[in-house]
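Remarks on the structure that follows.
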Amino acid sequence: MRIGHGYDVHRLVPGRPLILGGVIIPHPTGLLGHSDADVLTHAVMDALLGAAALGDIGRHFPDNDPAYAGADSLALLGHVVNLIREKGFTIENLDVTLIAQRPKVAPYIPLMKENLMRVLEVEEGQLNLKATTEEGLGFTGREEGISAHAVTLLV
Ligand code: MG
C-alpha cells in the first residue's frame, strides 16, 4: 500500500477560462498556465505519481514543451493512470480539497467527480472531492489564485 500527496497552485487572471476537474465554470477570471491550468486535476496527478514514486507532472509533461500548450489535463491524467497501472498499482481511494474564495464550486462538484471518476476508472465511494475557502486570507482569499491538495492510496 502506498500513499501519495499532490499540491498545486495556479494564478487567476482575466481572459482565461476557469477549468476545474474538466468543468468549464463561468467566472470573470480563469487560471493561468501552459496547459489548461486545471489545478484540481494537476494535484490529483501529482498525488498518483507521488504514491508510485514516479516523480511529478513537471517531469512527465514539461511546461516548456509546446506539445502541452493548452493541454487537456484530463487527457494527461489518463496518461498518468496508465503509468501507475504499468507499475502494477490500482487506486484504492483519493481525497481532494480545492481551495478557492470564489466562485462557489459546490454546484459543479458532481460534474467534476463524474469526469475524474471516468478517467481514474474508480467508483463512487473511492473519490471524495470537497472545496473550502480560506476565509479571505492569503492568496486564495484575495482571489489571486486557486490551490488544490490531493491524497491517494494505491495498492
Ligand atoms: Mg499545475
Side-chain angles (χ1 to χ4, degrees), residues 2-85 87 89 91 93-105 108-109 111-122 127-134 137-154:
R2 308 275 299 226
I3 193 168
H5 172 254
Y7 174 67
D8 196 26
V9 174
H10 282 264
R11 185 183 292 272
L12 279 167
V13 294
R16 287 271 300 183
L18 177 59
I19 300 173
L20 296 169
V23 180
I24 300 170
I25 298 175
H27 195 59
T29 55
L31 295 172
L32 183 64
H34 183 64
S35 68
D36 65 5
D38 185 339
V39 66
L40 183 77
T41 303
H42 292 184
V44 168
M45 285 194 269
D46 264 350
L48 294 170
L49 291 169
L54 286 170
D56 59 30
I57 57 174
R59 181 174 125 195
H60 294 274
F61 316 111
D63 67 4
N64 55 6
D65 185 337
Y68 302 115
D72 174 357
S73 294
L74 287 181
L76 303 183
L77 177 60
H79 182 70
V80 166
V81 169
N82 287 336
L83 286 175
I84 64 166
R85 284 230 181 88
K87 282 203 90 177
F89 292 113
I91 297 166
N93 79 310
L94 272 148
D95 185 21
V96 188
T97 306
L98 182 78
I99 302 167
Q101 190 67 33
R102 283 193 319 144
K104 282 274 168 254
V105 296
Y108 303 99
I109 283 188
L111 259 179
M112 293 181 203
K113 268 188 79 174
E114 205 174 287
N115 283 340
L116 292 171
M117 283 168 55
R118 185 181 66 246
V119 179
L120 295 164
E121 293 181 33
V122 298
L127 172 65
N128 190 63
L129 185 49
K130 56 200 184 302
T132 185
T133 73
E134 289 187 301
L137 297 168
F139 70 86
T140 69
R142 292 188 297 269
E143 299 179 40
E144 293 167 2
I146 291 179
S147 65
H149 291 267
V151 287
T152 189
L153 209 60
L154 303 182

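Just so we're clear, the structure is a prediction, and the values are computed from it rather than from any experiment. Counting convention: from 1, in listed order, for ligands and their atoms alike.
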Do side-chain atoms of Arg2 reach the backbone of Ala51 as a donor and acceptor pair under 3.5 angstrom?
yes

Could you list the residues that satisfy side-chain hydrogen bond (donor to acceptor under 3.5 Å, both in side chains) with Asp95, not counting sequence neighbours?
Asn128, Lys130

Give the total of protein N/O/S atoms at a distance below 2.8 Å from the Mg ion (ligand 1).
3

I'd like to know whether Leu127 forms a side-chain contact (heavy atoms from CB on, under 4.5 Å) with Val44, so could you lay out the CA-CA distance, the side-chain angles of the two residues, the decisive distance to 0.1 Å, and finally the verdict.
CA-CA 11 Å; Leu127 172 65; Val44 168; 5.8 Å; no

Table please: side-chain donor-acceptor pairs of residues 62-71 below 3.5 Å, with sequence neighbours left out.
{"unit_1": "Asp65", "atom_1": "OD1", "unit_2": "Ala67", "atom_2": "N", "d": "2.8"}

Asp56 side chain to Asp46 backbone, donor-acceptor under 3.5 Å
no

Test of understanding: with side chain to side chain contact (heavy atoms under 4.5 Å, CB included), list the residues that count as partners of Ser147, not counting sequence neighbours.
Tyr7, Val9, Ile99, Phe139, Thr140

